[in-house]
Trainee: 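Pasting a structure below so you can have a look.
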Amino acid sequence: MLETTPVPVDVRRRRALTHPILTWVVAAVLAVASSLWMWHRLGWPTRGIAWAEDSGVFLNERLELGAVPSLLHPYSGYLHLVPRIVVDAAVALWPIEDYAMVVTALSCCVIGIVSATVFVLARDVVRSAPLRALLAVVPAIAPMGVVEIAGNTANLHWYLLFLAPWVFAFRPRSWWSSASMAVAALAITLTEIQAALFVPLFLFGFRSRRGVPVLAAAFLGLAAQAATTLQAPRPRTPSDASPLDIAAGFLAQPVAGSWNGDVREVGVTIVHLGWWVVVVPAVVVLAVLVLGLVRRGGASRWMIVALGAAPAVLWVAALRVNAVPSMFAEWNEASFQRFGPYRYAAAASMFLLAAVVVAADVCIGRGRVVLPVLGWVLVASVVAAGVLNVHAETRRADGPVWSTQVQRQGAAVCSADPDGTVRIEASPRPRLWTAEVPCARLEH
């Protein structure tokens, strides 16, 4: 009689967790959960307040240029495809009175889609399904994200940037997946020029002909971004921050803010106790990432390199290009209290948390006691960061509520002049980011 060797329980469990149907079910659950979680974190009245370009640029240009012409219309030297698609959907499918609320909801849905996609694409890097789920929800639980970059299209490009390394490193197993990844790569690069940072990761997915469409789509998008930048360069006001200031700011914001979203409190602690309170955690995180590099090769190793380097590169580039207060090494308590978290730090912190999760997966999968324990401690730290930083004061919480303005202005202006235009303000500087909406649009 033919004898068969029983399949070990752990192998059967791993196969079950990687079953395509179950993978997509979990991805769908993560998409919904991440979207709702970010919606919950934003709270009211933030959900009903428009933010910056959502009102003063993207909406105005959508109303002026129309749906299709506005999609690839340059702004500030770059293309912003996905944010403009979101704005177009909000204008076309919902009343203008609900614009701010709808844009917030759709932006949260994009975060959910990013989470689901990362869960599916990261299977070759993070073998553990629970850890892959934690990695996927990093955009939704990152402590500083809710302060400024979440729930608006003006900062939606940061979440597309978070998705970029996973799309670029993925190895398509069919022409269908190749086509879908090509669409994703094109959407990412036509939204965020900084995605070029992760182009080297294409070396992992370019081992077969199926990787060619993805690479071509990415280069097409980046070429379009480069041409746009050359034709209409973004005005630059470089910062005079010294290397010491940049390093100090990196410790005080992206590093510390990855686990404590209240960077004002972190700054006060630095002033009173010294910089060691952020230097020591930074050294620990660096040691963990190096350990992950040593203990595993292949895609995991290079993904740790990419995710670990991205926070520093993004932070340095942001402070070099944008003239924001950045003399961190000289800041006192009042300075830390005044400025709070920067959006560049929120974006960088997502990559840092993701790198820690990947390193944790490496530690848990190697060794018998010490490394697995270290890995689970890292996992617990990321979970704690998300749980303990659910709510934070958003930068638009004290702005003008969109629907209230529409109702008031519509009654005051449009009743007297049906052909007139209503001016609706947004945060953070209402008069700067004003949308001009025709009365005909309010009636529509």
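As the structure is a prediction and not an experimental result, all values here were calculated from the model.
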Trainee: Are the aromatic rings of F198 and F168 close, with centres under 6.0 Å apart?
Mentor: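 No, the ring centres sit 6.0 Å or more apart.
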Trainee: Applying the side chain to side chain contact (heavy atoms under 4.5 Å, CB included) test to L160, which of T189, I188, V167 qualifies?
Mentor: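 In the set T189, I188, V167, the residue that makes a side chain to side chain contact (heavy atoms under 4.5 Å, CB included) with L160 is I188.
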Trainee: Is there a side-chain contact (heavy atoms from CB on, under 4.5 Å) between F119 and L135? Walk through the geometry before answering.
Mentor: CA-CA 7 Å; F119 178 77; L135 169 71; over 6 Å; no
Trainee: Do T153 and D54 have side-chain atoms, one donor and one acceptor, less than 3.5 Å apart?
Mentor: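 Per modelled atom types, T153 and D54 side chains form a pair under 3.5 Å.
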Trainee: Within the supplied structure, the quantity of interest is the number of heavy atoms (other residues, nucleotides, ligands) at a distance under 6.0 Å from Q337 CD; does it exceed 12?
Mentor: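 Buried by this count: over 12 neighbours within 6.0 Å.
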Trainee: If you count the non-hydrogen atoms of other residues, nucleotides and ligands that lie under 6.0 Å from CZ in R173, is the total more than 12?
Mentor: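 Yes, enclosed.
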Trainee: Are there over 12 heavy-atom neighbours, none belonging to W44, within less than 6.0 Å of that residue's CH2?
Mentor: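 Yes, because the 6.0 Å sphere around CH2 of W44 holds more than 12 heavy atoms from other groups.
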Trainee: Where do V86 and V110 land on the side-chain contact (heavy atoms from CB on, under 4.5 Å) test, with the steps shown first?
Mentor: CA-CA 9 Å; V86 170; V110 172; 4.1 Å; yes
Trainee: Counting N and O atoms only, with roles assigned by atom type, does the side chain of S349 sit under 3.5 Å from a partner on the main chain of S258, one being a donor and the other an acceptor?
Mentor: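 Here the side-chain-to-backbone pair does not exist.
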Trainee: Any side-chain heavy atom of I149 sitting closer than 4.5 Å to one from Y159?
Mentor: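 Yes - at least one pair of side-chain heavy atoms lies under 4.5 Å apart.
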Trainee: Below 6.0 angstrom between ring centroids: does that apply to Y99 and W94?
Mentor: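 Between W94 and Y99, which both carry aromatic rings, the centre distance is not below 6.0 Å.
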Trainee: In terms of side-chain geometry, is the basic nitrogen of R84 or E61 positioned less than 4.0 Å from the acidic oxygen of its partner?
Mentor: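 E61 and R84: salt-bridged.
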Trainee: Measure centre to centre between the rings of H40 and H391, then say whether the value is under 6.0 Å.
Mentor: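 Ring centres of H391 and H40 closer than 6.0 Å.
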Trainee: Any side-chain donor paired with an acceptor under 3.5 Å for Y75 and E53?
Mentor: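 Note: Y75 and E53 side chains meet the donor-acceptor criterion.
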